[in-house]
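Step one of this worksheet: look at the structure below.
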2 protein chains.
Amino acid sequence: MTEQNLLTTPPRHIAPPAWKLSTTSGTEMIEQLLRTYQRRSHAGTVVALEGSTSHVVFCVLSGWLSLSKSMEDGQRHIIDFALPGDLVNSVCANNKTNALQIEAVTSATVAVIPDYRWASLLEDLPQLKNLEDRVIAGTLSRLSERMLRLGKGNAETRIAYAMIELCIRLRAVGAVRDWTFHLPLTQQQLGDFVGLSSVHVCRTLRSLSRLGVIAMKDHMDITIHNIDGLAKIAGVDPRALENQIIPSGRR
Amino acid sequence: MTEQNLLTTPPRHIAPPAWKLSTTSGTEMIEQLLRTYQRRSHAGTVVALEGSTSHVVFCVLSGWLSLSKSMEDGQRHIIDFALPGDLVNSVCANNKTNALQIEAVTSATVAVIPDYRWASLLEDLPQLKNLEDRVIAGTLSRLSERMLRLGKGNAETRIAYAMIELCIRLRAVGAVRDWTFHLPLTQQQLGDFVGLSSVHVCRTLRSLSRLGVIAMKDHMDITIHNIDGLAKIAGVDPRALENQIIPSGRR
DNA sequence: CACGATGATTGATGTGCGTCAATCGCGCGA
DNA sequence: TCGCGCGATTGACGCACATCAATCATCGTG
């Protein structure tokens, strides 16, 4: 049911914004491909192991994935979330080893596209190359912004920024209505994402609630009540967000 | 003089490892291009402003660049360093706006290649595409590793990891001899890189010295005395480093 | 040669966040 | 229906790191 939100809000025939090309024929071609390689993962499933070899590109069709890294002592950090419409090519340099562990946070449908298939598609549809570049640039930009807060921001800054980033990304796929969206995360997971303990995530969320900038309902339904106040806490120019965080060209 | 180290150790005719292609003709073509667009920046110069528009690709030929981001209150974080041989395409999604501020840490020579020129080069030399992919994957991998330590590691872990990462990257361009290399950074800059105050960077470096894993001479000449101990503190498998951090294929 | 500037070093003090622990609330399965 | 378990919440306490401040070392400059 957590995932129902995400499945119903965008058009059901799977065409997240990133995939909307100008040519209709291209779009159809891609949708065909996505359907072919589509797979379903239950919440909590490990989709790809950190360090394993892999020759695929992932495209999220519905649900959330987490991309994480762990230290030897078991400490885990969530480097990024992959939301519907996101493209994930989790290989590291040189060899084809996964740099990140990919897990399904909610139950999710993911297109698992073989490398060679993706490469040939790129040749048929040169516009895709452009899209791929934008996705990569967007990812780097997001990571940088988050890193900045992780290094220099306090708990409120980090949480506020996470809320803004996720809200904007979710809005791009139609999963936000009236500044309200569903966060299918435990406070532990949110903590692993922003670099805080789950206890302190809790305190910080309540602190932000008390300030009136956000509100929470039913275990993680978030409403942003005062985006300007939230942006101020997060240390962002709200206008800059529009261009910086949304990877695809859509509104 | 800081930069002299970097200029003399690699072959003087500018061919950092990333640029070593299998075909000799390709290499010559590229070297020609690099010479054409080569420019010199003094230490401390701002090469590209955060938020400015830009249509270029940077290639570092000698010296260090820092890629940083600032919050409104002036707090700065160094997202990455660009070392000799590194490729920097600091544009964010959608528009052609620099997501990062690029500064010369030491005096540096940088090839500033126009976008269109780079694009046409990619068509002439398909191998370059491969290289570009590896550079991007390497960058993402480095950012992830650093983010993990930033989120979950203590001061010693972060500093130890930074030393290992920089040592390996510098070794790839021949700037390490007998586990010794020159760090052209103030402790303030190193702090902005790992997310610590300059005071605590100092304390941590001295702590690592006392443990005997590293040694320092003359304001930032670093020697790694015990790589296994250092890797243990950094929370890394030393063998994994070889593949994970070096973006190019060279040892 | 004294000087001022910049950065490293070291100590003292404060605090933001982690950790531990107890309680609460809810959903789920027997 | 009761109980079990996971996650949220809240309080108490401690620590790692930031901050402030003083001293020192080095270097370039008039």
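Just so you know, these numbers use all the heavy atoms, side chains as well, and skip hydrogens, waters and symmetry mates. Keep in mind it's a predicted model, so treat the numbers as computed, not measured. Within every chain, numbering begins at 1; the chains are lettered A, B, ... in the order of the sequence lines, protein sequences first and strands thereafter.
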Distance only, no hydrogens: is a donor on one side chain within 3.5 Å (strictly under) of an acceptor on the other, for B:E156 and B:S207?
-> yes
B:H182 side chain to B:D221 side chain, donor-acceptor N/O pair below 3.5 angstrom = yes
In this structure, SG of B:C59 is separated from CG of B:L87 (nearest 0.5 Å) by 6.0 Å
Separation of [X] atom [atom1] from [N] atom [atom2], in whole Å?
X: B:K152; N: D:dC17; atom1: NZ; atom2: C1'; answer: 17 Å
X: B:M216; N: C:dA8; atom1: CE; atom2: C1'; answer: 9 Å
X: A:E156; N: C:dC17; atom1: CD; atom2: P; answer: 8 Å
X: B:L190; N: C:dT9; atom1: CG; atom2: C1'; answer: 15 Å
X: B:R206; N: C:dG11; atom1: CZ; atom2: C1'; answer: 14 Å
X: B:L150; N: C:dC17; atom1: CG; atom2: C1'; answer: 15 Å
X: B:H219; N: D:dC27; atom1: NE2; atom2: C1'; answer: 10 Å
X: B:H200; N: C:dG16; atom1: NE2; atom2: P; answer: 17 Å

Give a yes/no on whether any side-chain N or O of A:Q187 is located under 4.0 angstrom from OP1 or OP2 of D:dT9.
-> yes
For the base of C:dG16, is there a side-chain donor-acceptor partner from A:R203 under 3.5 Å away?
-> no
Heavy atoms under 4.0 Å, any strand shown: does A:G153 hit a base, just sugar-phosphate, or nothing?
-> nothing
Could you tell me whether B:S197 contacts a base, only the sugar-phosphate backbone, or nothing, with contacts defined as non-hydrogen atoms closer than 4.0 Å?
-> base
Can you figure out which of D:dT10, C:dC17, D:dC20 approaches the side chain of A:L196 most closely?
-> C:dC17
Which nucleotide sits closest to the side chain of A:C202: D:dG11, C:dA8, D:dA8?
-> D:dA8
Taking NZ, NE, NH1 and NH2 as the nitrogens, is one of them in B:R169 or B:D80 under 4.0 Å from a carboxylate oxygen of the other?
-> yes
Is B:R149 paired with B:E165 through a side-chain N to carboxylate O contact shorter than 4.0 Å?
-> no
